[in-house]
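Okay, so here's the structure we're looking at.
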Amino acid sequence: MGAQKLFEQEEQRRLLSNRLATTFFLPGHGGLMDQLLEWRKEFPILDNTVYLISHSLGAMPRRTRDRLQEYADMWSTRGIRSWEEGWWMMATNVGDKIGTIIGAGPGEVVMHPNVSICQSIIASCLTFEGKRNRIVSESLNFPSNLYIYHSLERLGAEVVSVPSDDGISVPLSRMLEAIDERTKLVSVSHVIFRSSFIQDLKAITRRAHEVGALVVADIYQSAGTVPVNVREIGLDFATGGSVKWLCGGPGAGYMYVNRDLWPTLQPRLTGWLAHEDPFAFEVGPNKYADNIYRFLNGTPSVPAMYAAMSGYEVINEVGVDKIREKSIRQTSLLIDIAENAGFKINCPKNTVDRGGTVVIDVPHGQQVTTELLRRDFLIDHRPGAGIRVAPHFYSKDEELDLIVREIKTILETKAYEQHSAALAH
Ligand SMILES: Cc1ncc(COP(=O)(O)O)c(C=O)c1O
């Protein structure tokens, strides 16, 4: 890269940082300060990027660095004693911090590396012989979940995929009609990852229970931005991860299992930590623990849990209700700005139906995204949907304006073309 180009990029970064450093007021609120902007200090990356990608990777809290240091200190000074002094209990102690966000009780949430593992453990508790062999799921569910269910066809499962007409939403009536006495498991995403559409978990769970089916909700795209209360809804299972709205980074997935079900479930995807007395190292069939540990398998991802804790603490401190209130205001504002600029919106416009992400369909979406990333505007693109833009509690209104203007500039100047050429090679 030439010196001139490097200089221009540096200059661009400096200008962006300057713009982000100024104070902003709520539009239409008589100059009221947005109190949540106080949290910006806690997230270093916000100083020099337009960070609108919390649906994919939430910003790292400053205190996460201290937690990771703590982990290293513990390992290097306490060594093997670290397990007894905390590490063994982390799978539930850390899970409890998520429990308070999602309405689960103490000891009802257990940590795993990711959602795909959690969903596989749940599936491994069930059999699919006989007449009740159906898994009902929306066609817009996250692909991992669907891959797992389809793999169960080898064991007799029948997957019922409930279609969407517009690629954004799934009609509730269609979901409810698909659930009947042949249904063993209903699997739904609370918020659809591609379109941000919120599904009615209460109505779906009610219907499933009426016909004797179990329900697992993937709450990855809701926990931390849309209020969710697993107990109030009456969910049987919930799975999620920490990478996105919870600002916890990778490797810290979690699962909730309704405690009334514990005695009835014996996961086939299991391991020594699910045993009632793991350190007896008994051979033979597993004698499952009578608590949430029965859903564990092998050694948990300790460093990932250290990394994740600060995010949960921050979300608990801010409060999901406040986050949702701001998210509704900012996503509505962003939709207005994008529509005024002439872009199509590929997510629900009705606030009740919309999670924390706005999907903006722009021409040459993938190439425009590459150029935005190069300019320190952090967002992503999903084929068939558009550019996903997600303000979180730490976002400024000004950033919403900035990103739409940047997309327009990139399109007008055809700056995306260099990436089209790169893709063609
Ligand atoms: C709704 C939803 N479920 C599951 C996943 C993936 O989960 P994991 O990578 O933890 O298996 C994602 C995104 O990465 C998602 O948005």
Side-chain angles (χ1 to χ4, degrees), residues 52-58 91 94-95 98 101-102 109-124 135 137-151 161-162 164 167-170 185-199 201 204 215-226 228 230 235 237-256 269 295 297 300-301 303-305 307-308 311-312 346-348 353-359 378-390 392:
L52 293 168
I53 190 148
S54 303
H55 58 277
S56 184
L57 181 69
V94 176
I98 296 175
I101 298 172
I102 65 169
V109 175
V110 70
M111 303 301 294
H112 281 285
N114 58 51
V115 168
S116 308
I117 291 286
C118 296
Q119 290 272 343
S120 300
I121 294 166
I122 292 164
S124 84
I135 301 173
S137 180
E138 75 278 5
S139 54
L140 300 178
N141 202 334
F142 193 78
S144 259
N145 301 337
L146 296 173
Y147 300 157
I148 292 161
Y149 306 142
H150 281 290
S151 78
S161 179
V162 182
S164 158
I168 295 176
S169 59
V170 184
L185 181 69
V186 178
S187 167
V188 275
S189 282
H190 188 192
V191 174
I192 306 278
F193 80 102
R194 199 188 287 280
S195 65
S196 198
F197 174 68
I198 300 181
Q199 302 213 83
L201 287 187
I204 292 170
V215 182
V216 53
D218 181 337
I219 57 174
Y220 211 152
Q221 287 291 356
S222 55
T225 185
V226 175
V228 50
V230 292
L235 287 170
F237 309 97
T239 65
S242 307
V243 178
K244 308 170 194 297
W245 308 100
L246 295 177
C247 302
Y254 60 89
M255 75 193 267
Y256 159 82
L269 203 174
F295 301 101
N297 36 63
S301 305
M305 291 189 279
Y312 312 149
N346 267 348
C347 63
D353 294 331
R354 186 178 67 240
T357 312
V358 171
V359 187
L378 305 191
I379 40 69
D380 67 9
H381 178 262
R382 288 289 172 269
I387 298 180
R388 297 191 303 175
V389 183
H392 206 1

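As the structure is a computational prediction, the values presented were derived from the model and not from experiment. Read the numbers this way: they start at 1 and go in the same order the structure lists the ligands and their atoms.
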Any donor-acceptor N or O pair under 3.5 Å, side chains Ser242, Tyr312: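 A pair is found: one side chain offers a donor N or O, the other an acceptor, under 3.5 Å apart.
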Donor + acceptor pair across side chains of Tyr149, Ser137 (<3.5 Å):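 Not at all, the side chains of Tyr149 and Ser137 share no donor-acceptor pair under 3.5 Å.
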With sequence neighbours excluded, residues passing salt bridge (Lys or Arg N to Asp or Glu O under 4.0 Å) with Asp380: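 Scan of Asp380 (salt bridge (Lys or Arg N to Asp or Glu O under 4.0 Å), adjacent residues dropped) gives Arg382, Arg388.
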Flag, side chain of Thr239 to backbone of Cys118, donor-acceptor distance under 3.5 Å: no
Residue shell around ligand 1, heavy atom under 4.0 angstrom: Asn114, Val115, Ser116, Phe142, Phe193, Asp218, Tyr220, Gln221, Lys244
Result of checking Gln221, His392, His55 against Trp245 for side chain to side chain donor-acceptor pair (under 3.5 Å): Gln221
Euclidean distance, Ile192 CD1 relative to Cys347 SG, rounded to 0.5 Å: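 Here the interatomic distance stands at 13.0 Å.
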